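Below: one structure, written as structure tokens.
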There are 2 protein chains.
Amino acid sequence: MDIANDELLKLDNEVGFALYACSKGLIRKYNPILERLGLTYTSYLVMLALWEQDGVSVSELGKKLYLDSGTLTPLLKKMEKQGLVLRRRDEADERVVLIALTQKGRELKARTERTVSSLNSTLQLIRESSLFNDLKRLLGELYEI
Amino acid sequence: MDIANDELLKLDNEVGFALYACSKGLIRKYNPILERLGLTYTSYLVMLALWEQDGVSVSELGKKLYLDSGTLTPLLKKMEKQGLVLRRRDEADERVVLIALTQKGRELKARTERTVSSLNSTLQLIRESSLFNDLKRLLGELYEI
DNA sequence: TACGATTCTATTGTACACAATTTTTTTGGT
DNA sequence: ACCAAAAAAATTGTGTACAATAGAATCGTA
């Protein structure tokens with residue numbers, strides 16, 4: 001029941017490619033909408049994590065978001081400049097940097113809910129179905145329309 | 001049957017986040033293995049496309065891979081330096097740059113098949129199942145082990 | 001058949017990602 | 001209490017991504 005050797009290296013057979021392309025396509029949909037909030041897709045994810053739980057360390061944030069300090073440190077500094085978060089050393093452990101929302105950061109949640117709801121309703125559809133074919137269908141929708 | 005407004009902005013509900021994280025996790029698995037072939041994940045995708053069809057334009061390649069000239073132009077120049085591809089203007093239409101495999105590029109296919117087969121067999125499992133839960137399960141596998 | 005519109009590649013600018021390394025601080029064992 | 005090992009964040013270096021723009025070539029049509 002093996003796929004022929006020659007078929008193995010076909011782009012269409014690549015589950016990874018489907019994931020990669022869907023992910024990029026989705027981010028490309030999000031970014032122009034998030035721009036109205038002063039967010040990028042990555043900073044949007046950081047805000048989502050912080051709205052759920054505030055005052056967490058950089059490494060806890062990284063574990064939630066699958067991002068390392070090389071990505072988070074400069075991003076969080078930028079978000080601090082925007083006035084969305086505060087960065088301060090943990091007094092109990094000076095190695096740790098704790099990230100807290102500012103008032104402005106907390107207030108952004110309601111606007112974000114309203115702004116992103118149109119995209120969310122599109123994505124609502126994806127939460128059931130069979131993986132690979134649906135990813136490919138999504139792929140078409142994301143790039144063709 | 002709506003999800004409460006507050007639930008809409010939960011990270012766990014984000015289909016996009018699952019796609020984004022799975023995609024990154026997969027690329028992180030591929031890259032160290034592809035490194036032995038002198039490829040990155042992106043140049044691997046370019047090679048996949050060219051092994052299927054050689055002598056295509058930059059824009060045709062971009063359509064297949066969902067990449068634009070801003071990504072492809074510098075990447076293809078690097079791959080030309082590596083001796084994997086040739087870039088030449090189309091004589092019939094000087095706007096077009098045609099990308100062709102070199103002998104070295106064609107010969108890389110067999111080695112790549114052998115090198116990537118272990119990953120492919122892992123991914124084989126994903127081609128059926130239901131989307132969102134399976135993405136989350138994959139996510140765990142990619143990052144926990 | 002000029003010439004404005006379109007097509008195609010290249011360039012510029014901004015924003016990630018992550019591996020590898022470094023720096024600072026804490027911890028655990030003697 | 002000392003000190004090697006571990007942990008946390010920051011830094012460095014490389015490699016994408018893509019929007020916006022530029023510049024050259026081609027096309028369509030008045």
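Bear in mind the structure is a predicted one, so any value in this text is a computation, not a measurement. Computed from heavy atoms alone, side chains included, the values below leave out hydrogens, waters and symmetry copies. Throughout, protein chains are lettered first and strands after them, A, B, ... in sequence-line order, and every chain is numbered starting at 1.
- The side chain of B/Thr40 places no N or O atom within less than 4.0 Å of a non-bridging phosphate oxygen (OP1 or OP2) of D/dT14.
- Counting to the nearest Å, the P atom of C/dC16 and the OH atom of A/Tyr30 are 16 Å from each other.
- Atom CG in A/Leu75 sits about 16 Å away from atom C1' in D/dT11, given to the nearest Å.
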Quiz prompt | Sequence-aligned protein contact record of nucleotides 3-13 of chain C, with B where the base is within under 4.0 Å of a protein heavy atom and S where only the sugar-phosphate is | solution = ----BSSBB--
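- Straight-line distance from the CE atom of B/Met79 to the C1' atom of D/dG15: 13 Å, rounded to whole Å.
- Following rounding to the nearest Å, A/Asn31 (CG) and D/dA20 (P) show an atom-to-atom distance of 11 Å.
- Taking five base pairs at each end of the helix from C/dT1-D/dA30 to C/dT30-D/dA1, the local helix axes there meet at an angle of 20°, rounded to 10°.
- Separating the CG atom of A/Asp90 from the P atom of D/dA8 is a distance of 11 Å, rounded to the nearest angstrom.
- You'll find the ring centres of A/Tyr20 and B/Tyr66 outside the 6.0 Å limit.
- Listed by first and then second residue, the salt bridge (charged side-chain N to carboxylate O under 4.0 Å, His left out) pairs involving residues 60-86 of chain B are B/Glu80-B/Arg87 (not counting sequence neighbours).
- With A/Leu61 as the partner, the side chain to side chain contact (heavy atoms under 4.5 Å, CB included) test is satisfied by one option alone out of A/Leu50, A/Leu67, A/Leu45: A/Leu50.
- Phosphate contact (OP1/OP2 of D/dA17, side-chain N/O of A/Tyr20, threshold under 4.0 Å): present.
- Between the CG atom of A/Leu39 and the P atom of C/dC16 there is a distance of 10 Å, given to the nearest Å.
- Under the 4.5 Å side-chain criterion, counting only non-hydrogen atoms from C-beta, A/Thr40 is not in contact with A/Tyr30.
- Each of B/Ala92 and B/Lys78 was matched to the nucleotide of DNA chain D holding its nearest heavy atom; the match closer to the 5' end belongs to B/Lys78.
- Annotation: side chain to side chain donor-acceptor pair (under 3.5 Å) contacts involving residues 90-105 of chain A, sequence neighbours excluded, comprise A/Asp93-A/Arg95, A/Gln103-A/Arg106, A/Gln103-A/Glu107.
- Contact check, B/Lys24 against C/dC16: no side-chain N or O comes under 4.0 Å of OP1 or OP2.
- Residues A/Val96 and A/Val58 form no side-chain contact, since every pair of their non-hydrogen atoms from C-beta on lies 4.5 Å or further apart.
- As a whole-Å value, the separation of A/Lys81 NZ from C/dA15 P is 11 Å.
- Taking atom CD of residue A/Glu94 and atom P of nucleotide D/dA6, one finds them 23 Å apart after rounding to whole Å.
- Residues forming a side chain to side chain contact (heavy atoms under 4.5 Å, CB included) with B/Ser69 (at least two apart in sequence, or on another chain): B/Thr73.
- Looking at B/Ser43, its side chain never comes within 3.5 Å of a backbone N or O of B/Leu39 through a donor-acceptor pair.
- In this structure, the side chain to side chain contact (heavy atoms under 4.5 Å, CB included) partners of A/Ile33, at least two apart in sequence or on a different chain, are A/Arg36, A/Thr115, A/Leu119.
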